[in-house]
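One-based numbering, in listed order, for ligands and for the atoms of each. Position 1 is the first residue of the sequence; numbering continues from there.
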Amino acid sequence: MAEELIITNNLSKEEKYKELYPQIFALIQGEDDLIASLSNIMSALKYGFGWLWVGVYFVKGKELVLGPFQGPIACTRIQLGRGVSGTAWHKEEIIIVPDVNEFPDHIICNAASKSEIVLPILNKEGEVALILDVDSDKLNDFDEIDKEYLSKIVQLIEPLL
Ligand code: SME
């Protein structure tokens, strides 16, 4: 396992993902504990990109329950179909919200959050088991590049479920 994350300044978003992805891959090799690997992945993403909040929610019954994250304290429980996260779970699709104030049912866990991307993570049965939620304090901070590379990171997590 790497001792320290290598993060180069002034890279484009795609270059940064390309620098981080192999490090995230290496970080979780040989570690089958889900919480340990999720914790390091959230840290690598948070410190790699400087986003406001990066974390996961676990599907538990009809609720999402907060899991490993990096950033300010967050809502601990979100109902199915509520907020961006609950909607991504319900619809089983990736949601990019360029301006959270324009999302009708956005749940404000932190007033500094301006845009977000949420990705469902599936278990071996093909059910949503986790939600990856990334929040930025900048408007319109997420696009197709985030969708592509965060999906690759989701694919690293899925075998652990
Ligand atoms: N804004 C999210 C809630 C979770 S966090 O921001 C950490 C939502 O609407 O689902």
Side-chain angles (χ1 to χ4, degrees), residues 5 7 13-14 16-17 20-21 23-24 27-28 31 33-123 125-158 160-161:
L5 213 58
I7 301 166
K13 179 189 276 190
E14 187 158 23
K16 199 166 263 192
Y17 275 114
L20 270 178
Y21 180 83
Q23 297 184 74
I24 290 176
L27 258 181
I28 63 171
E31 179 50 75
D33 188 275
L34 178 63
I35 300 292
S37 290
L38 285 173
S39 301
N40 261 340
I41 294 171
M42 299 310 124
S43 175
L45 289 173
K46 164 78 177 160
Y47 287 94
F49 286 94
W51 289 314
L52 176 70
W53 197 91
V54 185
V56 291
Y57 282 89
F58 287 93
V59 170
K60 293 193 178 170
K62 293 282 174 207
E63 289 181 322
L64 294 174
V65 182
L66 185 63
F69 72 95
Q70 294 276 327
I73 57 169
C75 308
T76 50
R77 289 173 190 268
I78 295 173
Q79 307 304 309
L80 176 65
R82 293 293 321 282
V84 184
S85 320
T87 304
W89 168 26
H90 184 56
K91 293 188 169 174
E92 301 190 10
E93 62 184 34
I94 298 169
I95 300 182
I96 295 176
V97 182
D99 178 353
V100 295
N101 290 319
E102 302 289 324
F103 191 89
D105 191 31
H106 176 247
I107 298 169
I108 302 168
C109 293
N110 187 295
S113 172
K114 300 261 192 314
S115 60
E116 71 178 276
I117 182 168
V118 178
L119 298 95
I121 304 177
L122 306 181
N123 62 19
E125 288 73 45
E127 298 156 344
V128 180
L130 276 174
I131 288 287
L132 173 63
D133 185 330
V134 185
D135 287 36
S136 172
D137 57 4
K138 297 182 191 71
L139 279 171
N140 206 9
D141 212 11
F142 302 105
D143 56 24
E144 292 300 311
I145 294 175
D146 300 284
K147 191 172 173 177
E148 180 186 343
Y149 284 92
L150 290 174
S151 294
K152 288 182 195 284
I153 291 165
V154 160
Q155 284 165 19
L156 293 179
I157 297 169
E158 283 173 341
L160 302 173
L161 297 174

| message | As a test of understanding, state which of I28, L132, L160, V56 forms a side chain to side chain contact (heavy atoms under 4.5 Å, CB included) with L38. | response | V56
| note | Counting from 1 in the order shown, the ligand 1 atoms closer than 4.0 Å to a non-hydrogen atom of G83 are 9 (O), 10 (O)
| Atom indices of ligand 1 within 4.0 angstrom of D133 heavy atoms, with elements | 2 (C), 4 (C), 5 (S)
| Nearest neighbour in protein (non-hydrogen) for atom 6 (O) of ligand 1 | D135 OD2, 2.8 Å
Could you measure the distance from the [atom1] atom of [X] to the [atom2] atom of [Y]? Nearest 0.5 Å is fine.
X: S113; Y: D137; atom1: OG; atom2: CG; answer: 8.5 Å
X: I7; Y: K16; atom1: CD1; atom2: NZ; answer: 7.5 Å
X: K152; Y: I157; atom1: NZ; atom2: CD1; answer: 14.5 Å
X: L139; Y: K114; atom1: CG; atom2: NZ; answer: 6.5 Å

| D105 with R82: basic N within carboxylate O range, under 4.0 Å | yes
Checking the N or O distance criterion of under 3.5 Å, is ligand 1 in contact with [X]?
X: W53; result: no
X: D105; result: no
X: A74; result: no
X: I78; result: no
X: E116; result: yes
X: Y57; result: no

| query | Does the gap between the ring centers of F69 and Y57 come in under 6.0 Å? | reply | no
| Within the side chain of K13, is there an N or O that forms a donor-acceptor pair under 3.5 Å with the backbone of D146? | no
| query | Where's the contact between C109 and ligand 1, heavy-atom distance under 4.0 Å: side chain, backbone, both or neither? | reply | side chain
| message | Looking at non-hydrogen atoms alone, which of V84, I73, I95 comes nearest to atom 8 (C) of ligand 1? | response | V84
